[in-house]
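The structure appears below as structure tokens.
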Amino acid sequence: MPIDYSKWDNIDTDSEPETAEAPPPQAAPAPQPAAGGASGLVPAVLVWCAKDKQGSAPWKAVAIAEDHPVFSAAVPPLAAAVGVPIGVHRVGTVPGGPGTMDNQIATYLHLDLVSGFAPSQWQSGVGTVLVARTDRKPFLPENLEALWMYCTRILDNFGFEGKAPKHLYNPKAFETWSVDYHREAGEEEDEDEEEERKKKKTANKKKKKKKSKNY
């Protein structure tokens with residue numbers, strides 16, 4: 001029977017209080033704003049929980065020290081299967097009210113390859129996390145977005161087919177999908193920019209027309 005993934009959108013609804021799930025803050029070097037080419041720093045991504053989210057973006061590019069604990073974190077199953085060795089490190093968010101510790105992206109990154117569900121410790125009380133490649137290669141927001149969207153595709157397959165899409169658990173499948181995803185995303189961005197140019201052009205015509213009437 002197909003798995004119902006609708007509860008992912010409200011993963012904390014039936015969970016225990018956030019304070020019981022959240023791990024204690026761990027001492028770690030504070031991430032710095034991303035600085036291209038800075039010596040000794042590795043590009044990584046901070047992924048906000050609901051409590052810490054700043055603006056509309058769900059993440060922020062940062063640069064971290066080469067000895068940061070994230071590089072010792074275990075690589076999630078799907079990331080390992082597709083050849084993207086990432087570590088996910090909880091930064092120690094202070095628990096807030098119900099739902100404030102939600103971090104859907106971090107949850108999806110830890111999906112199990114057999115069941116499609118993340119381990120319980122990654123389902124609630126997650127908080128803000130830092131994501132970086134454990135081989136210390138640059139890991140940028142666009143890399144995180146592609147991996148996250150691939151996780152979503154995997155979950156869709158679980159939901160529609162009711163079984164693990166094992167044919168997607170390899171580097172070649174992810175690379176092929178990622179190229180297509182970025183191309184489509186670029187085309188959509190171009191269309192949005194073109195639409196915005198048309199709106200501005202129309203607005204400018206209206207201004208000129210109104211100005212000529214005043215004369």
Side-chain angles (χ1 to χ4, degrees), residues 1-11 34 36 42-49 53 56-64 70-71 73-89 102-119 121-123 126 128-195:
M1 180 176 69
I3 300 173
D4 181 8
Y5 282 92
S6 60
K7 72 175 185 177
W8 285 96
D9 293 330
N10 256 314
I11 199 72
V42 180
V45 184
L46 265 180
V47 185
W48 310 118
C49 65
K53 189 176 180 182
S56 59
W59 47 58
K60 177 183 178 181
V62 296
I64 58 176
V70 69
F71 297 118
V75 179
L78 181 62
V82 300
V84 184
I86 60 167
V88 183
H89 175 80
D102 281 358
N103 194 323
Q104 188 188 70
I105 295 176
T107 299
Y108 278 26
L109 290 176
H110 287 85
L111 67 85
D112 181 80
L113 299 183
V114 177
S115 69
F117 289 100
Q121 65 267 30
W122 288 103
Q123 288 186 15
V126 176
T128 293
V129 299
L130 179 69
V131 185
R133 287 184 61 113
T134 56
D135 56 9
R136 293 176 174 75
K137 292 181 180 179
F139 191 69
L140 306 175
E142 52 264 37
N143 304 132
L144 174 64
E145 180 180 357
L147 187 57
W148 172 38
M149 288 293 98
Y150 198 66
C151 290
T152 300
R153 183 190 177 188
I154 299 294
L155 291 173
D156 286 342
N157 273 265
F158 269 106
F160 292 134
E161 301 178 13
K163 60 181 180 180
K166 296 181 180 179
H167 63 288
L168 298 178
Y169 297 163
N170 61 81
K172 185 176 181 180
F174 174 66
E175 182 180 358
T176 299
W177 178 89
S178 182
V179 169
D180 291 340
Y181 174 77
H182 285 301
R183 185 182 67 250
E184 292 175 3
E187 290 173 353
E188 289 179 2
E189 185 175 342
D190 290 341
E191 290 176 0
D192 290 341
E193 291 178 354
E194 179 62 27
E195 185 63 27

If you round to the nearest 0.5 Å, how far is CG of L140 from CH2 of W59? 12.0 Å

Which atom of A44 lies closest to which atom of A132, heavy atoms considered: CB-CB, 3.7 Å

Who pairs with A80 by side-chain contact (heavy atoms from CB on, under 4.5 Å), at least two apart in sequence or on another chain? V75

For P76 and H110, which heavy atoms make the closest approach, and how far apart are they? CG-NE2, 3.7 Å

Heavy atoms, side chains only, cut-off 4.5 Å: are L113 and L78 in contact? yes

Using side-chain heavy atoms (C-beta onward) and a distance below 4.5 Å, is F174 in contact with L168? no

Please name the pair of heavy atoms, one in G83 and one in P171, separated by the smallest distance, quoted to 0.1 Å. N-CG, 4.1 Å

Heavy atoms of D135 and R133 approach each other most closely as OD2-NH2, 2.7 Å

Might you work through the side-chain contact (heavy atoms from CB on, under 4.5 Å) test for I64 and F71, ending with a clear yes or no? CA-CA 10 Å; I64 58 176; F71 297 118; 3.6 Å; yes

Determine whether W48 and I105 satisfy the following criterion, side-chain contact (heavy atoms from CB on, under 4.5 Å), listing intermediate values before the conclusion. CA-CA 9 Å; W48 310 118; I105 295 176; over 6 Å; no

Value for CG (L109) from CD1 (I86), rounded to nearest 0.5 Å, stands at 4.5 Å

Could you check whether any side-chain heavy atom of L147 comes within less than 4.5 Å of a side-chain heavy atom of V82, counting everything from C-beta outward? yes

Identify the heavy atoms of F158 and P165 that sit nearest to each other, and give their distance. CE1-CD, 3.8 Å

Roughly how far, to the nearest 0.5 Å, is the CG atom of N157 from the NZ atom of K166? 13.5 Å

Just verifying a value: how many Å separate M149 CE and L144 CG, rounded to the nearest 0.5 Å? 9.0 Å

Quick check: do V42 and F139 have side-chain heavy atoms less than 4.5 Å from each other? no

Is the side chain of S178 donor-acceptor paired with the backbone N or O of A146 at a distance under 3.5 Å, no angle test? no

Inter- and intrachain pairs under side-chain hydrogen bond (donor to acceptor under 3.5 Å, both in side chains), touching residues 140-154, at least two apart: E145-Y181

Test of understanding: with side-chain hydrogen bond (donor to acceptor under 3.5 Å, both in side chains), list the residues that count as partners of T128, not counting sequence neighbours. D52

Using 0.5 Å steps for rounding, measure from the CG atom of N103 to the NZ atom of K53. 11.0 Å

Output for pair (W122 CH2, D112 CG), nearest 0.5 Å, gives 15.0 Å

Shortest non-hydrogen separation from L111 to G116 and the atoms involved: CB-O, 3.7 Å

